[in-house]
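Just so you know, these numbers come straight off a predicted model, no measurement behind them.
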Amino acid sequence: MITTKKTWLWIAVTFALLAGILYWLSSGRPEPYPPFLSDSPSQTGIKAFYTLLDEQGEESARWDSKPSRLPEASGRQTLLMIEPFSTVSGAEMHQYEEWMEEGNTIWLMKNNPVGYFDTQVDYGVLPVGETTVEDENGRTYTVEVQQEHRLQTKGSDDVLLSDRQGVLAFQRSYGDGALIVGMNPDWFTNGMITDREHYEVITSILASEAEYSRIWFDEYIHGQDGFFAGLDVYPKWLIVFTLQLALFMLFFLWMQGKRFGPSFMPREAVVRFGDERLQALAAWYRKGEFYRESLAVQESYIRKLLQERFGVSSQASWEEIRHTLSYRLNDQDYRDWEKWTKTVEPLENLTGVDKKAFLDWSHTFDQMRKEVQGS
């Protein structure tokens with residue numbers, strides 16, 4: 001009995017210390033805000049623009065779920081995607097496109113929108129800084145441009161904003177809806193929206209979408225989706241209490257003698273049906289001298305990994321893949337990828353491969369796989 005009482009006493013002391021530490025960590029410190037969030041009051045947030053739309057009676061709201069769940073409603077809706085933090089996957093990109101084809105509009109603002117909705121840019125534009133831009137109606141504005149590149153347009157695109165160096169924003173039709181692509185997402189931020197004529201440019205483009213019924217601010221692209229993002233609606237004391245309750249239940253079960261552990265896969269299920277099957281398949285390819293077919297399987301797997309990590313289309317040529325990776329990787333990593341892709345590029349025009357070439361190309365594919373998987 002004395003030992004049990006001492007144990008519960010130490011548990012109570014541990015909970016009290018934990019509560020004190022959590023309270024100290026959460027008090028007296030400014031809350032950090034990532035940039036381009038619609039609820040961020042910092043200089044890099046866009047809460048001012050969101051609040052202004054709300055005060056003007058516009059139907060604006062935040063969207064923090066997957067694009068497959070985008071709402072279907074009567075009337076045209078506009079989704080603002082301001083500087084996504086991570087690359088959107090190919091499947092999600094297709095869902096965004098389907099939503100536009102249903103009659104909605106997506107307005108993408110990104111410093112370099114390459115990789116989104118088949119957007120390309122022209123590089124080497126100078127200078128960076130203050131410039132005069134012209135909209136589709138001939139009105140001019142003074143803004144600050146921070147890119148040394150301009151957007152490429154197709155024949156059916158409508159130019160919404162341009163300067164002497166090229167296009168800064170355009171609109172492209174998608175079914176019954178439209179896509180607006182622009183650069184300089186910093187124009188929306190609390191620290192820059194009132195500088196020069198950034199607000200006037202934003203509202204002029206927004207006015208062209210006069211048929212919209214609601215404006216959505218996409219926070220899913222900022223990582224605002226998932227379980228932990230939903231915890232923000234609860235007070236901190238409730239989160240601390242819930243955490244302590246969970247720890248208490250864990251200690252209680254431990255005191256009752258409950259034990260938890262991993263479930264182990266039988267060795268024969270791994271070896272017999274795993275390694276042996278792969279080895280048999282590899283031996284079949286070698287004995288049948290199906291070298292070209294084997295390389296095609298390896299190439300398809302590398303393209304799948306590149307699509308999952310960088311959002312590169314699996315149907316893209318190696319030259320297009322190099323073009324996309326040049327913006328995603330540092331100079332050293334890009335030089336490696338440039339060498340590897342140029343090594344395997346001749347495979348596209350070959351129908352037969354000998355054993356020596358097969359081993360060389362397989363070694364190159366293996367290097368590419370290890371690099372993209374981070375191993």
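Partners of Thr189 by side chain to side chain donor-acceptor pair (under 3.5 Å), not counting sequence neighbours: none found. Partners of Leu70 by side-chain contact (heavy atoms from CB on, under 4.5 Å), not counting sequence neighbours, listed by chain and number: Trp63, Pro67, Leu79, Tyr96, Trp99. Applying the side-chain contact (heavy atoms from CB on, under 4.5 Å) test to Ser173 and every residue at least two apart in sequence or in another chain returns nothing. In this structure, the side chain to side chain donor-acceptor pair (under 3.5 Å) partners of Lys154, at least two apart in sequence or on a different chain, are Asp118. For the side chain to side chain donor-acceptor pair (under 3.5 Å) test, residues two or more places apart in sequence or in another chain that qualify with Gln152 are Asp122. Residues forming a salt bridge (Lys or Arg N to Asp or Glu O under 4.0 Å) with Asp157 (at least two apart in sequence, or on another chain): Arg172. For Glu83, the salt bridge (Lys or Arg N to Asp or Glu O under 4.0 Å) criterion is met by Lys110, not counting sequence neighbours. By the salt bridge (Lys or Arg N to Asp or Glu O under 4.0 Å) test, Glu293 pairs with no residue at all, sequence neighbours left out.
When each of Gln165, Arg150, Met183 is checked for a side-chain contact (heavy atoms from CB on, under 4.5 Å) with Val145, only Arg150 meets the rule. Residue Tyr50 forms a ring pair (Phe, Tyr, Trp, His ring centres under 6.0 Å) with just one option from Phe217, Phe188, Phe36, and that option is Phe217.
Listed by first and then second residue, the ring-ring contact (aromatic ring centres under 6.0 Å, His included) pairs that reach into residues 115-165 are Tyr123-His149, Tyr123-Tyr327, sequence neighbours excluded. Screening residues 45-57 for salt bridge (Lys or Arg N to Asp or Glu O under 4.0 Å) gives no qualifying pairs among residues at least two apart or on separate chains.
In this structure a side-chain-to-backbone donor-acceptor pair under 3.5 Å is present from Thr203 to Glu200.
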Output side-chain donor-acceptor pairs under 3.5 Å for residues 309-318, partner residues at least two apart or in another chain, one line each.
unit_1 : atom_1 : unit_2 : atom_2 : d
Arg309 : NH1    : Glu371 : O      : 3.3
Arg309 : NH1    : Val372 : O      : 2.9
Ser313 : OG     : Gln315 : N      : 3.2
Ser317 : OG     : Glu320 : N      : 3.2
Trp318 : NE1    : Glu299 : OE2    : 3.3

Under 3.5 Å, sequence neighbours excluded: what are the donor-acceptor pairs made by side chains of residues 126-134?
unit_1 : atom_1 : unit_2 : atom_2 : d
Glu130 : OE1    : Arg196 : NE     : 2.9

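Checking Asn111 against Gln147 by side-chain atom types alone, a donor-acceptor pair falls below 3.5 Å. In summary, the side chains of Thr105 and Gln77 do not present any donor paired with an acceptor at a separation below 3.5 Å, with no hydrogens or angles considered.
Ile215 is connected to Tyr199 through a chain of hydrophobic side-chain contacts under 4.5 Å among Ile, Leu, Val, Met, Phe, Trp and Tyr, so both are in one cluster.
Within 6.0 Å of the CD atom in Gln56, the count of heavy atoms belonging to other residues, nucleotides or ligands exceeds 12.
Looking at Asp331 and Arg335, no side-chain N of the basic residue comes within less than 4.0 Å of a carboxylate O on the acidic one, giving no salt bridge. A salt bridge between Arg303 and Glu308 is absent, with no side-chain N of the basic residue lying under 4.0 Å from a carboxylate O of the acidic one.
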